[in-house]
Amino acid sequence: MASDDEQVRNRKAKLDHLKDAGNDPFAVHRFPRTHTSAQVVTQIEAAEEAAGDADMDWDAAGFEVTVCGRLMAMRDQGKSIWADLHDDAGKIQLWAGKKQLGDDAFDAFSDLDIGDIIGATGHAFRTRRGEPTVELSEWRLLAKSLRPLPEKFHGLQDIQLRYRRRYLDLIVNPDVREIFARRTAAIRAMRSFFDDRDFQEVTTPMMQPLYGGANARPFTTHHNTLDMDLYLRIAPELYLKRLVIGGLERVYEIGRVFRNEGIDALHNPEFTIMEAYMAYADYEDMMELFEGLVCEMAVAVNGSLQFTYRDNEISLEPPWQRVSLLDAIREAPGVDFGEISGDEEAREACADLELGDMTQDNWAALLDKCFDRFVAPTLIQPTFVIDYPVQISPLAKRLPDRPHLTARFEPHIGGEEIGNAFSELNDPIDQRERFEAQVRAGACGDEEAHPLDEDYLLAMEYGLPPTGGIGMGVDRVIMLLTGCTNLREVILFPQLRPEEG
RNA sequence: GGGUCGGUAGCUCAGCUGGCAGAGCAGGGGACUCUUAAUCCCAAGAUCGAAGGUUCGAAUCCUUCUCGGCCCA
């Protein structure tokens, strides 16, 4: 057990001594700092600027600062100790001199451990070697760290430990901090994009009496007082469209959805989705909106519309290319799903494609497999895959000239699907028939089939204006923009198998 | 589900065709007032993922299991 480790025992013993001497670090409630590490550096540079070419007299030009953070390195030279203090803004070097600080405070300082949280006051200056530094005149321990940190040079490499103890990952791996800062910038850009266009940000239920808005299996939970089962949402779609019916003409939501499916490099059971709906707009408008949104996110993350993903140079410069779903599959594996309707017929057409066991696959599943296997990996530059068959698009509006197809698109970048969008189906009669077809598919074993939602149909019968909607897999877009190849690198606490066993 | 690579000290990693379990960092003791992956000296730290097998002898070879990475389905 780690708790018996020698290093932990040493640190606990130090803590006990502090408590016995009336210096319990955990009794400290607050610490007023005057400067972050970055502010100290900036002010040192400003002092140098003011002094011009003259030699700096730091005794005169130095200034008093109070900083706080985590001790990340100690270089003990006997009567002089150099230490690195890290805070949210960066790092600043501390210097403790035995003569300058006094014997007691100096000895106590040398007793600190890497990982301890301290506050310190002193004179800011730059060393002869050029390092911005605070010469300590006073310091205090604000929290004792009882466990040793991972190695300072290589950081934490163990993938499982990095995710299970993400705090350690963040403490010792600076590039991880950077990725999540970029994630935050991307989401901030997304909000301002919609806010600038007069969209209203809303929150809708995560616990729903009936799930819908996507084809996926849900998680189930139970409310005790109401004594009813509830589903964790797989999408916010049907609630957002209720709001459009209610007259909120432009709405968006950024939030978590939950899908009860496998976990791999591109799937986490809970992930962040963005959905937006715009009354009186269609899927062509949504393509433009989607392009603009991703471009603004890219600029926020990378400062550019160009980026590299898996050695591919990708440009987000609009307009993005478009390909018809059925045309693309007719070209690549050479199956014309537009000419095939039955499940058996589809299986025959795919017989030579080495798609594995097809006995459970219906027409829609095989179309999906063909696309995922032969077409999606080739869509490196941003591409809208358009015009999905009505059978696999139960919430999308039909194309007027080709009613077997819908006004729907899925954007693909770097070979990955990053969203789904369409002109929303607003005919409640057609919607009921689509739901009924889904229920039939469910009865035939399709576990991801959409359930029939009477409450949503009731809302639709009051009148949903013609509306365009988009959904985006936010984590996936951030993954692409940051060059990560695993979703878990952009989710702070990805789902893992429980520890032990 | 299949293939493949891996699990060795708190952390990062060596350990070859079987022959005393190693280093660096961190930690302990000591020296050192411009260091910054500080440096130098000393001592300590291991159920080698688990179980079985082969062998005089297994971290190493074999089998099974387990956990994880990557690739494929």
Side-chain angles (χ1 to χ4, degrees), chain A residues 1-14 37 41 56 58 70-86 90-103 106-107 109-116 123 125-136 145-165 167-169 171-174 262-266 310 350 353-361 365-366 368-370 372-374 377 415 484-489 494-501:
Chain A
M1 283 296 284
S3 57
D4 293 325
D5 181 76
E6 179 200 353
Q7 298 194 47
V8 176
R9 283 201 312 273
N10 288 341
R11 287 169 180 240
K12 281 184 174 166
K14 286 182 187 176
S37 59
V41 174
M56 285 300 295
W58 283 110
R70 189 184 294 273
L71 216 46
M72 290 299 288
M74 296 265 271
R75 295 176 291 280
D76 190 338
Q77 291 185 305
K79 297 186 179 65
S80 169
I81 300 172
W82 305 91
D84 293 339
L85 187 76
H86 286 216
K91 73 162 202 178
I92 184 73
Q93 179 169 264
L94 304 180
W95 181 72
K98 193 174 177 77
K99 204 168 76 185
Q100 291 81 351
L101 190 52
D103 286 359
F106 182 85
D107 292 345
F109 190 81
S110 74
D111 233 18
L112 289 173
D113 290 300
I114 289 171
D116 286 349
H123 208 64
F125 72 109
R126 191 189 289 279
T127 64
R128 290 201 284 279
R129 299 293 179 91
E131 186 71 28
T133 302
V134 176
E135 177 187 335
L136 297 192
S145 170
L146 296 178
R147 288 181 184 273
L149 290 175
E151 211 232 13
K152 64 178 171 186
F153 196 58
H154 299 92
L156 184 63
Q157 298 299 324
D158 184 289
I159 302 253
Q160 278 204 77
L161 269 185
R162 285 188 48 228
Y163 300 146
R164 286 191 201 286
R165 306 190 193 169
Y167 45 91
L168 291 181
D169 198 22
I171 289 170
V172 300
N173 296 334
I263 299 174
D264 62 31
L266 290 170
R310 291 187 190 270
C350 295
L353 298 180
E354 295 176 356
L355 294 177
D357 179 18
M358 298 191 294
T359 50
Q360 301 298 311
D361 295 336
L366 288 167
D368 231 37
K369 274 192 177 179
C370 284
D372 288 348
R373 174 85 168 271
F374 299 100
C484 295
T485 54
N486 194 310
L487 210 55
R488 292 182 297 189
E489 291 299 323
Q495 194 63 46
L496 300 172
R497 195 183 295 273
E499 211 162 4
E500 282 179 341

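Every heavy atom of this structure was used, including side-chain atoms; hydrogens, water molecules and symmetry mates were not. Below, chain A is the first sequence line, B the second, and so on; all start at residue 1.
Here the side chain of A:Gln77 is nearest to one of B:rC32, B:rG27, B:rU12, namely B:rC32. The side chain of A:Lys99 lies closest to B:rU33 when the candidates are B:rA37, B:rG10, B:rU33. Residue A:Gln93 places its side chain closer to B:rU36 than to any other of B:rC34, B:rU36, B:rA37. Candidate nucleotides B:rG28, B:rU33, B:rC34 were compared by shortest atom distance to the side chain of A:Thr127, and B:rC34 ranks first. Residue A:Lys79 places its side chain closer to B:rU33 than to any other of B:rA26, B:rU12, B:rU33. Ranking B:rC11, B:rU33, B:rG28 by closeness to the A:Leu161 side chain, first place goes to B:rC11.
Atom pair A:Asp113:CG and B:rC11:C1' shows a separation of 16 Å (rounding to whole Å applied). Distance CZ (A:Phe153) to P (B:rU36): 13 Å, rounded to an integer number of Å. Atom CZ of A:Arg11 and atom C1' of B:rC11 are 12 Å apart (whole Å). Straight-line distance from the NE2 atom of A:His154 to the C1' atom of B:rC13: 8 Å, rounded to whole Å. Following rounding to the nearest Å, A:Met74 (CE) and B:rU39 (P) show an atom-to-atom distance of 16 Å. In this entry the distance linking CZ of A:Arg75 with P of B:rU36 reads 7 Å, nearest Å. Regarding A:Ile114, its CD1 atom lies at a distance of 17 Å from the P atom of B:rG10, rounded to whole Å. In this entry the distance linking CD1 of A:Ile81 with P of B:rU33 reads 11 Å, nearest Å.
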What are the atom names and distances for every N/O pair under 3.5 Å that joins the protein to nucleotides 69-73 of chain B?
{"from": "B:rG69", "atom 1": "OP1", "to": "A:Arg488", "atom 2": "NH1", "distance (Å)": "2.7"}
{"from": "B:rG69", "atom 1": "OP1", "to": "A:Arg488", "atom 2": "NH2", "distance (Å)": "2.5"}
{"from": "B:rC70", "atom 1": "OP1", "to": "A:Asn486", "atom 2": "ND2", "distance (Å)": "3.1"}
{"from": "B:rA73", "atom 1": "OP1", "to": "A:Arg373", "atom 2": "NE", "distance (Å)": "3.1"}

Please produce a list of atom pairs where a protein N or O lies less than 3.5 Å from an N or O of nucleotides 47-49 of chain B.
none

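Backbone-only engagement by A:Lys14 is indicated by non-hydrogen atom pairs under 4.0 Å involving sugar-phosphate atoms exclusively. At a threshold of 4.0 angstrom between heavy atoms, the contacts of A:Leu156 are confined to the sugar-phosphate backbone, with no base atom among them. Counting non-hydrogen atoms under 4.0 angstrom, A:Asp76 reaches a base of the nucleic acid. Residue A:Arg497 is in sugar-phosphate contact alone, with no base atom involved, counting any heavy-atom pair closer than 4.0 Å across all strands shown. As judged by a 4.0 angstrom heavy-atom cut-off over every strand, A:Gln157 is placed among residues touching the sugar-phosphate backbone only. Note on A:Gln160: only backbone sugar-phosphate atoms sit closer than 4.0 angstrom, heavy atoms only; bases stay farther off.
Annotation: side chain of A:Lys12 is not in contact with side chain of A:Arg9 (no heavy-atom distance under 4.5 Å). Considering only heavy atoms from C-beta on, A:Arg497 stays 4.5 Å or farther from A:Gln160 through its side chain. Two residues are said to be in side-chain contact when any heavy atoms from C-beta on lie closer than 4.5 Å; A:Met72 and A:Ile171 meet this criterion. Side-chain contact check for A:His86 versus A:Ser37: every heavy-atom pair is 4.5 Å or farther apart. Contact check for A:Asp169 versus A:Arg165: no side-chain heavy atoms found under the 4.5 Å cut-off. Between A:Glu135 and A:Gln100 the shortest side-chain heavy-atom distance falls below 4.5 Å. Between A:Leu136 and A:Phe106, the closest side-chain pair of non-hydrogen atoms is not below 4.5 Å.
When the C1' atom is used for both B:rC25 and B:rC65, the distance is 34 Å, rounded to whole Å. A gap of 43 Å separates the P atoms of B:rG45 and B:rG1, to the nearest Å. Rounded to a whole angstrom, the distance from the P atom of B:rA23 to that of B:rC40 is 15 Å. Comparing B:rG22 with B:rU39, their C1' atoms sit 23 Å apart, to the nearest whole Å. Taking atom C1' in both B:rA9 and B:rA59, the straight-line distance is 14 Å, to the nearest Å. Comparing B:rA44 with B:rU33, their C1' atoms sit 30 Å apart, to the nearest whole Å. As rounded to the nearest Å, B:rU4 and B:rC42 have C1' atoms that lie 46 Å from one another. A distance of about 11 Å separates the C1' atoms of B:rG19 and B:rU60, rounded to the whole Å.
A:Glu489 and A:Tyr163 form a side-chain donor-acceptor contact under 3.5 Å, judged by distance and modelled atom types alone.
Nearest-nucleotide mapping onto RNA chain B: of A:Pro150 and A:Asn10, the residue sitting toward the 5' end is A:Pro150. The residue among A:Gln100 and A:Lys91 whose nearest nucleotide of RNA chain B lies closer to the 5′ end is A:Gln100.
With a cut-off of 3.5 Å on both Watson-Crick or G-U wobble distances, the partner of B:rG45 is given as none. Across the strands present, B:rU39 finds its partner in B:rA31; the criterion is a Watson-Crick or G-U wobble pair with both atom distances under 3.5 angstrom. The nucleotide B:rG68 finds its pairing partner in B:rC5, both defining distances of the Watson-Crick or G-U wobble pair being shorter than 3.5 Å. Across the strands present, B:rG22 finds its partner in B:rC13; the criterion is a Watson-Crick or G-U wobble pair with both atom distances under 3.5 angstrom. Taking a pair to require two hydrogen-bonding distances under 3.5 Å in either a Watson-Crick or a G-U wobble arrangement, B:rC61 pairs with B:rG53.
Minimum heavy-atom separation, A:Gly155 to A:Asn173: CA-OD1, 3.4 Å. Taking all atoms of both residues into account, the shortest heavy-atom contact from A:Leu71 to A:Leu85 is N-CD1, 4.1 Å.
In this structure, A:Trp82 CH2 and A:Gln93 CD are separated by 5.5 Å, a value rounded to the nearest 0.5 Å.
Checked options A:Leu112, A:Asp116, A:Asp113, A:Asp84; the residue passing with A:Met74 is A:Leu112 (criterion: side-chain contact (heavy atoms from CB on, under 4.5 Å)).
For A:Glu151 against B:rG24, a side-chain-to-base donor-acceptor contact under 3.5 Å is present.
Under the 3.5 Å distance criterion, the side-chain polar atoms of A:Arg373 are matched with a main-chain donor or acceptor of A:Glu354.
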